[in-house]
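Everything numeric in this text was worked out from a predicted model, so none of it was measured. Per chain, numbering begins at 1; letters A, B, ... match sequence-line order.
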Amino acid sequence: MLDIKFVRENPEKVKEALKKRGYNIDFDSFLSMEEERLKLLREIENKRAIRNAVSQEIAKLKKLKPDSPELERLISEMRQLGDEINVLESKLRTIEDKVQNFLLYIPNLPHNTVPVGKDETENVEIRRWGVPPEFDFEPLNHWDIGEILGLIDFERAGKIAGSRFAVMKGAGARLERALINFMLDLHISRGYIEVFPPLLVNKDSMIGTGQLPKFEEDLFKIEEPEYYLIPTAEVPVTNLHRNEILSEDDLPIYYVSYTPCFRKEAGSHGKDVRGLIRQHQFNKVELVKFVKPEDSYEELESLTKDAEEVLQRLGLHYRVIVLCTGDLGFSSAKTYDIEVWLPGQKRYREISSCSNFEDFQARRANIRFRRREKKGTDFVHTLNGSGLAIGRTVVAILENYQQRDGSVIVPEALRPYMGIDIIR
RNA sequence: GGAGGGGUGGCCGAGUGGCUUAAGGCGGCGGUCUUGAAAACCGCUGUAGGGUUACACCCUACCGGGGGUUCAAAUCCCUCCCCCUCCGCCA
């Protein structure tokens, strides 16, 4: 959420920044609502001040002259004032809801280092690591490899659940588990604290990180009692500190969290229908940071490096791109995507997305900290990034390490976790 | 699922309708004392919004969340959430 005061005082700046994201938002009605809100607020506060003062007088009078007509008069006057206040208060509530709702639908402002562009075609490549593997045969798709080696069963997954689900079996299931443990161990050794959170969360948590109210159709929801399945560990882990005031000494906080993730993939019918790329349920190891505002861009760089290290240790070629303003996620101020090379598809595919949300989520979730020598509180900056998506890492390993005879070599870093050198 | 108890400031803990602008303690900050420290003593000690746009000052709100009664609510009523104890069930 944007700072209401900032929007109120700089509507043109906000409008310009959002235009870069492709949002054309009318601030006129917001500004007049906001003006009305402040007017009502002042009016109510003045009346309340009068009521408070007179109530004190009533108390005194009741003690000294309980029978005076003055007492009756004041009480009836205050009764009337109270009615007036009630009317104004309900007006205020209505307009506050409108203002609040308006702000909840406004995305974050892009950082000034983010390239301006209309969509994903204008994202900018930052760097590459490694080289694509060369094959003296035509490399297969991961779903073919997975089927041939008996690692993935899409057909039976369709029977027991539906499309966009997979059953992992044998070495496939083991590969999934090995990757989770490998990534967790790596990030823990870099100072991240492991968290295993609830996979169902309440509405306030979804609002806190920005999934709600705007993106309800992407989420699996449970009624009675009302819960949402997490689309990423970002949600429960960022909300760990919702409505908290941290101490400056607590920061920075680094968490790493393995969780299953659940997404409806509502808008992507017909996209990636085969294979593991786009599933309703997938595993992910997520990195989440809470930092001081002045450190957050440095922290974004190191977060991205931490995610990249996973690919480096696995020996997988990748590139890093910075998302342009038009492709930026709703809550993010700046995002790097890490794209791994997939020989089966002969293209790079997103395997990690690392974002700095600045104080956007912290405002929504009310996560603040107290500085040593300053009064009051500041909002923390929150960041997160995949480190990495497990399913897509499985895809990358199968496609990059496949052999002519159909077997798949296990990357060296993973062998202690797999217990075998080769999957055949 | 049944019965009972409870959620108060960074922490502990008083407070059942009006000198509570939330007692007292701990912690923290500043000061006196001291060669220095400790102890003792004194003072200060929240968040947010608004008016000023200066955290000087004034006002308002906040005692788990929301709503209500009343001139007046931490205190009474309704509702929801969470925690604890016992019983039942259960991985």
Side-chain angles (χ1 to χ4, degrees), chain A residues 1-11 30-31 33-103 196-208 212 222-228 236 239-251 253 359 362-380:
Chain A
M1 191 156 65
L2 301 181
D3 179 5
I4 188 168
K5 217 172 189 171
F6 182 81
V7 178
R8 193 200 301 154
E9 287 162 9
N10 305 279
F30 165 77
L31 290 172
M33 275 195 297
E34 183 57 2
E35 202 179 316
E36 174 72 8
R37 185 182 73 85
L38 290 179
K39 202 183 114 197
L40 273 170
L41 188 64
R42 283 191 289 266
E43 209 174 332
I44 289 170
E45 286 187 348
N46 286 336
K47 287 184 191 294
R48 283 206 278 233
I50 293 170
R51 184 176 65 182
N52 288 346
V54 175
S55 286
Q56 294 289 322
E57 273 182 57
I58 290 173
K60 271 182 215 156
L61 213 56
K62 210 166 188 179
K63 243 179 205 171
L64 300 174
K65 304 188 268 181
D67 302 324
S68 83
E70 176 77 355
L71 187 61
E72 257 318 302
R73 191 177 63 79
L74 287 178
I75 287 177
S76 99
E77 267 181 29
M78 285 310 100
R79 187 174 298 142
Q80 199 185 333
L81 187 66
D83 290 343
E84 289 173 31
I85 291 173
N86 279 338
V87 171
L88 293 175
E89 277 177 340
S90 86
K91 264 187 170 173
L92 181 67
R93 263 197 297 273
T94 308
I95 202 158
E96 272 177 345
D97 285 350
K98 279 189 193 165
V99 168
Q100 187 71 6
N101 206 45
F102 176 84
L103 286 176
F196 189 71
L199 307 181
L200 302 180
V201 300
N202 58 34
K203 195 171 193 166
D204 286 343
S205 294
M206 286 294 185
I207 290 171
L212 289 179
I222 293 175
E223 321 263 354
E224 213 60 41
E226 182 177 274
Y227 285 117
Y228 294 87
N239 277 282
L240 275 178
H241 296 297
R242 174 150 50 86
N243 289 330
E244 288 186 17
I245 300 175
L246 303 167
S247 139
E248 180 171 12
D249 302 330
D250 296 335
L251 301 175
I253 299 173
D359 62 6
R363 263 178 217 290
R364 288 179 162 242
N366 191 28
I367 309 169
R368 294 170 291 168
F369 74 103
R370 221 185 292 275
R371 291 186 190 271
R372 284 203 157 285
E373 61 265 31
K374 198 183 138 210
K375 270 188 86 170
T377 59
D378 287 333
F379 288 105
V380 301

Using the [atom1] atom on both, measure [N] against [M] and round to a whole Å.
N	M	atom1	answer
B/U75	B/U20	C1'	11 Å
B/C33	B/A39	C1'	11 Å
B/U21	B/G27	P	28 Å
B/C81	B/G66	C1'	10 Å
B/A91	B/G5	P	31 Å
B/U79	B/G10	C1'	31 Å
B/U45	B/C84	C1'	32 Å
B/C71	B/G64	C1'	28 Å

Worksheet item: Quick one: does A/Asp250's side chain have a donor or acceptor within less than 3.5 Å of a partner on A/Ser247's backbone?
Response: yes
Worksheet item: Under a 3.5 Å cutoff on both atom distances, Watson-Crick or G-U, what's the dot-bracket for RNA chain B ([ ] crossing, | other strand)?
Response: ((((((((.[[[..)..(.....]]]((((((.......))))))((((((.....)))))).[[[[[..)....]]]]])))))))....
Response to the item:
Within residues 75-100 of chain A, the residues having a heavy atom closer than 4.0 Å to RNA chain B are A/Ile75, A/Met78, A/Arg79, A/Arg93
Salt bridge [X]-[Y], side-chain N to carboxylate O under 4.0 Å:
X	Y	value
A/Glu248	A/Arg370	no
A/Glu9	A/Lys5	no
A/Arg371	A/Asp378	yes
A/Glu45	A/Arg42	no
A/Glu89	A/Arg48	yes

Work out which heavy atom in [X] is nearest to a heavy atom in [Y]; give both atom names and the distance.
X	Y	answer
A/Leu92	A/Arg37	CD1-O, 3.7 Å
A/Glu36	A/Ile95	CG-CD1, 3.2 Å
A/Met1	A/Arg363	O-CD, 2.9 Å
A/Tyr228	A/Met206	CB-CE, 3.5 Å
A/Leu31	A/Val7	CD2-O, 4.4 Å

Worksheet item: How far does CG of A/Asp3 sit from CZ of A/Arg8, to the nearest 0.5 angstrom?
Response: 8.5 Å
Fill in: Atom CD of A/Glu226: over 12 foreign heavy atoms under 6.0 Å
yes
Between protein and nucleotides 58-64 of chain B, what N or O pairs are separated by less than 3.5 Å?
unit_1	atom_1	unit_2	atom_2	d
B/U60	OP1	A/Asn52	ND2	3.0
B/U60	O2'	A/Arg48	NE	3.4
B/U60	O2'	A/Arg48	NH2	3.3

Report all interatomic pairs (protein N or O, nucleotide N or O of nucleotides 6-9 of chain B) with separations under 3.5 Å.
none

Worksheet item: Given A/Glu70, which of A/Leu61, A/Ile58, A/Ile75 fulfils the side chain to side chain contact (heavy atoms under 4.5 Å, CB included) condition?
Response: A/Leu61
Worksheet item: Under the criterion side chain to side chain contact (heavy atoms under 4.5 Å, CB included), which of A/Lys91, A/Glu96, A/Arg93, A/Glu35 is the partner of A/Leu40?
Response: A/Lys91
Worksheet entry | Sugar-phosphate, base or nothing in reach of A/Thr377, heavy atoms under 4.0 Å | sugar-phosphate
Worksheet item: When all nucleic acid strands are considered with a 4.0 Å heavy-atom cut-off, which category describes A/Lys47: base, sugar-phosphate, or nothing?
Response: nothing
Item to complete: Check whether any side-chain N or O of A/Arg370 sits under 4.0 Å from OP1 or OP2 of B/G46, and answer yes or no.
Response: no
Worksheet item: According to a strict under-4.0 Å criterion, is A/Arg8 in side-chain N/O contact with OP1 or OP2 of B/G50?
Response: yes
Hey, what are the protein-to-nucleotides 18-20 of chain B N/O distances that come in under 3.5 Å?
unit_1	atom_1	unit_2	atom_2	d
B/G18	O6	A/Lys62	NZ	3.1
B/G18	N2	A/Ser55	O	3.1

Worksheet item: What residues form a ring-ring contact (aromatic ring centres under 6.0 Å, His included) with A/Phe102, not counting sequence neighbours?
Response: A/Phe27, A/Phe30
Fill in: Along RNA chain B (nearest heavy atom to each residue), the more 5'-positioned of A/Ile245 and A/Glu9
A/Ile245
Discussion item. Pairing donors with acceptors under 3.5 angstrom, does anything connect the side chains of A/Ser205 and A/Asn202?
Written reply: yes
